[in-house]
Amino acid sequence: MVNQDVYDALLAQYRSHYGKEPEVVAYAPGRIEVLGNHTDYNEGFVFSAAINYGTFFAASKAPGSTCRLVAGDLRREVQFETGAVTASTTDTWQNYVKGTFAGLIEGRGVTTGFDGMFLGNIPLGSGLSSSAALEMCTGLALGKLYGIEVDPVTMAKIGQHAEHAYAGCKCGLLDQISSLAGKQGMLVKTDFRSVVYENVPMGPDACFLMCNTHAKHALVDGAYDKLRAACEEAAAFFAKRLRHPVTHLRDVSMAEWALYKEGLDPAVAACAAHPIGEDERVLAGAKLLEQGDLAGFGQLMFDSHESSRVLFRNSCEELDTVVEAAKNVPGVLGARLSGGGFGGSVVVLVHPRDAETASAALANAYAARYGKPCAVSVITPSEGAHLV
Ligand code: GLA
């Protein structure tokens, strides 16, 4: 089992804290976003993968209506009533669990509480979606505990609603879908209009490095929501100018953007060009992967980062430093920021035989500029969320 050590530590801590065995345990991984940035809520396309780091959630039914929840890493317990699940402004980690629990039990007349605990190994604020992993392992574990069955897309939407209503970020569905749909050695390619996904093999000549810059991840500070609003404004603008229906930027091509953008605020127009270009890159990337052209796919990753940097402006100096360094590291095929942006991590596509030397070269290049290395981990596309 992946992350067996984390599982063992969680069980030991659960037994000693609650004095009993958990009735259910579920696991959900974090994700990397490989190509297709800020396209999910624009109903476009994304290549992503579930990763070999994740979170376990253990639970059993409580004797009464009170829910007890422990963050295993912090060794902190919070309590709330099943009938009154509200967001908290202190210990905000509980909001991902509360929001998921509330969404899961809504309208089902659940009155019994749970004794829950979670523990994981996804670095927080790294852009690897520790929050979605927490939501999805919570959803699977508590769904099993209460006998509530929901399909994966509904489960992903419950997690997304927890982010919107409890954590304060209007994220798309990418993180939750990737955590659920991952397969060993495969990418997940999702069409976020139909929310239909497929697993696509990468082949043996590719692996990923994740370079965590530890720069601040500002998703909940409103930067993400502002970008989303700009995309929505642009979609409404193009809806009035194009002859075919436009509900989201997915409906606008790069050629149409260039022809019809006149009259749109230039900053908003630049923003819009990013997800539109990303959609085209994901579709081009799918063809390149079919042909086994990893170098071509990697170049699209570099192009994606450049589009983030110049058009969407969701990069930052630390991320740019890693991507620029990656261009000169032997064996590296592509690199780009992954996820919301404004900090977090760069995902690097590299041949497995060069992974070790490339990791050292990237860490050193970062240290040369900032005095300390970025944290580089090898990422293996892994199985998605499941009951243990
Ligand atoms: C964050 C969000 C996702 C997605 C990415 C950007 O990870 O949670 O929904 O929008 O940013 O692609």
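Numbering of ligands and ligand atoms starts at 1, following listing order. As a basis for the values below, the full set of heavy atoms in this structure was taken, side chains included, without hydrogen atoms, waters or symmetry mates.
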| Do ligand 1 and D40 have nitrogen or oxygen atoms that lie under 3.5 Å from each other? | yes
| query | Of S308, S315, S338, which is the lone residue that meets side-chain contact (heavy atoms from CB on, under 4.5 Å) with N37? | reply | S308
| Should K170 be listed as contacting ligand 1, given a heavy-atom distance under 4.0 Å as the test? | no
| Is the distance between the ring centroids of Y166 and F101 under 6.0 Å? | no
| note | Out of E33, E278, E163, R31, the nearest non-hydrogen contact to atom 6 (C) of ligand 1 is supplied by E33
| message | Would you say CD of E81 has more than 12 non-hydrogen atoms from neighbouring residues, nucleotides or ligands within 6.0 angstrom? | response | yes
| Regarding T138 and T100, is there a side-chain donor-to-acceptor distance under 3.5 Å anywhere? | no
| Which of the ligand 1 atoms, numbered from 1, are nearer than 4.0 Å to a heavy atom of G339 | 5 (C), 6 (C), 7 (O), 11 (O)
| query | What atoms of ligand 1 come within less than 4.0 Å of a heavy atom belonging to G172? | reply | 9 (O)
| Sub-4.0 Å atoms of ligand 1 with respect to non-hydrogen atoms of C171 | 2 (C), 8 (O), 9 (O)
| H161 versus E106, side-chain donor and acceptor atoms under 3.5 Å | no
| request: Show which atoms of ligand 1 fall inside a sub-4.0 Å distance from at least one heavy-atom site of Y224. | output: 1 (C), 2 (C), 3 (C), 4 (C), 9 (O), 10 (O), 11 (O)
| query | For M210, which of V376, V348, V347 qualifies under side-chain contact (heavy atoms from CB on, under 4.5 Å)? | reply | V347
| request: With heavy atoms under 4.0 Å as the rule, classify the contact between D175 and ligand 1 as side chain, backbone, both or neither. | output: side chain
| task | Output the list of atoms in ligand 1 that are nearer than 4.0 Å to some heavy atom of N37, sorted by atom number. | result | 6 (C), 12 (O)
| said: Under a 3.5 Å distance rule, please check whether T190 uses its side chain to pair with a backbone N or O of Y197 as donor and acceptor. | reply: no
